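Take a look at the structure set out below.
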Amino acid sequence: MTYRELYVQGKERLAAAQIGEAQWDARLLLEYVCGTNRNDLLVHGDRNVEPDCQREYEALIEKRQRRIPLQYLTGVQEFMGLEFFVNSHVLIPRQDTEILVEEVLRNLHDGMCILDMCTGSGCILISLLYYSNHCDGLGVDISSEAIGVAEKNSAKLLPKESAGQAEEGFGRIRFRQSDLFEKVEGKYDIIVSNPPYIDSVEMENLMPEVGKYEPRLALEGGQDGLFFYRRILDGCRDHLFGGGMLFFEIGCGQAEDVSNFMAEAGFLDIQVVKDYAGLDRVVYGTLGFGEVKES
């Protein structure tokens with residue numbers, strides 16, 4: 001079968017399964033299997049595909065028909081211009097989360113220490129250290145499997161830092177399995193988190209790619225979706241310097257509640273930032289010096 005014929009077959013099978021981006025997914029899976037790029041379909045579409053590659057492609061198409069996310073099939077997702085390894089133990093990084101990273105970068109200065117709560121694939125912390133100078137970071141997650149993914153991404157994208165050998169332009173990075181602050185020591189200049197924030201009702205109505213295949217542990221935020229915001233705010237003052245900043249990604253409709261929680265916890269100058277669709281996406285604020293707890 002030719003390259004073009006195989007692509008058309010894959011596209012039609014995905015379209016029949018009502019995959020929204022059938023054309024895109026069929027092409028990317030073919031490129032993944034064959035080690036090709038988008039130009040090959042136009043320039044070399046008439047070349048024959050090796051039988052082993054054809055079988056592998058057809059197997060992946062079948063998995064995508066079952067709504068297994070494309071990123072879990074290829075093992076990669078781009079985020080902040082970097083390519084991250086992902087698997088079913090971590091959430092797939094979203095473009096919306098880049099808003100969170102960009103807001104932290106606007107307030108990040110050389111030499112700062114960052115705590116990334118619910119780190120998952122490590123995409124937030126790794127991106128922050130990649131695009132800053134001489135900063136240190138700790139990423140924590142309750143899932144040991146997620147920590148393994150984060151460490152793999154760190155070794156790939158920040159190899160010197162992962163080995164503890166900081167060099168000019170980067171800082172050190174560490175990951176630790178922890179139930180939020182349980183195994184966290186010391187204080188930080190910035191705490192950032194994209195916690196589980198989907199409420200129990202919404203969990204039952206998610207598209208199959210998310211609800212069936214992405215880790216529930218990283219999605220569900222309790223009955224009202226706000227469970228982890230409360231828990232993080234309960235413990236963050238033990239781990240923030242005076243004048244330190246806390247950044248949250250939030251779900252649609254959560255800005256007012258999270259802002260109120262932060263105000264009650266002693267945070268000042270609380271800001272809400274919208275995403276590219278005009279929806280509230282990030283809430284952040286500065287911890288007042290009077291709210292700092294002694295070490």
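Numbers here simply count residues along the sequence, with the first being 1. Here the structure is a predicted model, which is why all the values come from computation and not from measurement.
Through direct or indirect side-chain contacts shorter than 4.5 Å among Ile, Leu, Val, Met, Phe, Trp and Tyr, Ile142 is connected to Leu217. Hydrophobic side-chain contacts under 4.5 Å tie Val76 to no other Ile, Leu, Val, Met, Phe, Trp or Tyr residue.
Tyr229 is listed as a side-chain neighbour of Ile250, based on a closest heavy-atom distance under 4.5 Å. Taking 4.5 Å as the limit, some side-chain heavy atom of Leu240 sits within range of a side-chain heavy atom of Phe267. For the pair Met1/Val49, no side-chain contact is recorded, criterion being any heavy-atom separation below 4.5 Å from C-beta on. Leu91 is listed as a side-chain neighbour of Leu219, based on a closest heavy-atom distance under 4.5 Å. Inter-residue side-chain proximity for Tyr188 and Ile190 is flagged as unmet; no heavy-atom pair is nearer than 4.5 Å.
For Tyr284, the ring-ring contact (aromatic ring centres under 6.0 Å, His included) partners are Phe247, not counting sequence neighbours. Partners of Arg231 under the salt bridge (Lys or Arg N to Asp or Glu O under 4.0 Å) rule, at least two apart in sequence or in another chain, are Asp179. For Arg38, the side-chain hydrogen bond (donor to acceptor under 3.5 Å, both in side chains) test picks out no residue, with sequence neighbours left out. Evaluation of the ring-ring contact (aromatic ring centres under 6.0 Å, His included) rule for Tyr197 yields no partner, not counting sequence neighbours. Applying the side-chain hydrogen bond (donor to acceptor under 3.5 Å, both in side chains) rule to Glu202 yields no partners; only residues at least two apart in sequence or on another chain are considered. By the side-chain hydrogen bond (donor to acceptor under 3.5 Å, both in side chains) test, Asp25 is found to be paired with Arg64, residues two or more places apart in sequence or in another chain being considered. With sequence neighbours excluded, no residue satisfies side-chain contact (heavy atoms from CB on, under 4.5 Å) with Lys212. Every residue two or more places apart in sequence or in another chain that forms a side-chain hydrogen bond (donor to acceptor under 3.5 Å, both in side chains) with Asp224 is listed here: Arg230.
For the 3.5 Å distance criterion, the side chains of Glu5 and Gln9 fail to qualify, holding no donor opposite an acceptor.
The nearest pair of heavy atoms linking Pro195 to Phe228 is CB-CB, 3.8 Å.
Using cut-offs of 30° and 60° on the angle between ring planes, the pair His239 and Phe181 is parallel.
Panel note: side chain Asp141, backbone Ile147; no donor-acceptor pair is recorded below 3.5 Å. At least one donor-acceptor pair closer than 3.5 Å links the side chain of Lys156 to the backbone N or O of Glu83.
Applying the side-chain hydrogen bond (donor to acceptor under 3.5 Å, both in side chains) test to pairs two or more places apart or on separate chains, those with a residue in residues 109-125 are Asp116-Thr119.
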Determine all donor-acceptor pairs shorter than 3.5 Å in which one atom belongs to a side chain in residues 92-99; sequence neighbours excluded.
from	atom 1	to	atom 2	distance (Å)
Arg94	NH1	Ile92	O	2.8
Arg94	NH1	Glu214	OE1	2.9
Arg94	NH1	Glu214	OE2	3.1
Arg94	NH2	Glu214	OE2	2.5
Asp96	OD2	Arg281	NH2	3.4
Thr97	OG1	Glu249	OE1	2.7
Glu98	OE2	Met80	N	2.9

### Task
List the steps and the verdict of salt bridge (Lys or Arg N to Asp or Glu O under 4.0 Å) for Glu204 and Arg216.
CA-CA 11 Å; Glu204 305 309 315; Arg216 193 178 186 97; 3.0 Å; yes

### Candidate pair Leu125 and Phe175, rule side-chain contact (heavy atoms from CB on, under 4.5 Å), full reasoning
CA-CA 10 Å; Leu125 182 59; Phe175 294 98; 4.2 Å; yes

### Message
If you apply the rule side-chain contact (heavy atoms from CB on, under 4.5 Å), what do you find for Tyr32 with Leu70, and how did you get there?
### Response
CA-CA 11 Å; Tyr32 169 72; Leu70 174 73; over 6 Å; no

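Trp24 and Leu30 fall within a single hydrophobic cluster, where Ile, Leu, Val, Met, Phe, Trp and Tyr are joined by side-chain heavy atoms under 4.5 Å apart, directly or via other members. Note: the hydrophobic cluster containing Ile124 also contains Tyr276 (ILVMFWY, side chain heavy atoms under 4.5 Å, direct or indirect links).
Using a 4.0 Å cut-off between charged side-chain N and carboxylate O, Arg55 and Glu58 make no salt bridge.
In this structure, Tyr213 has its ring center no closer than 6.0 Å to that of Tyr72.
Environment of CD in Glu182: crowded, with over 12 heavy atoms of neighbouring residues, nucleotides or ligands closer than 6.0 Å.
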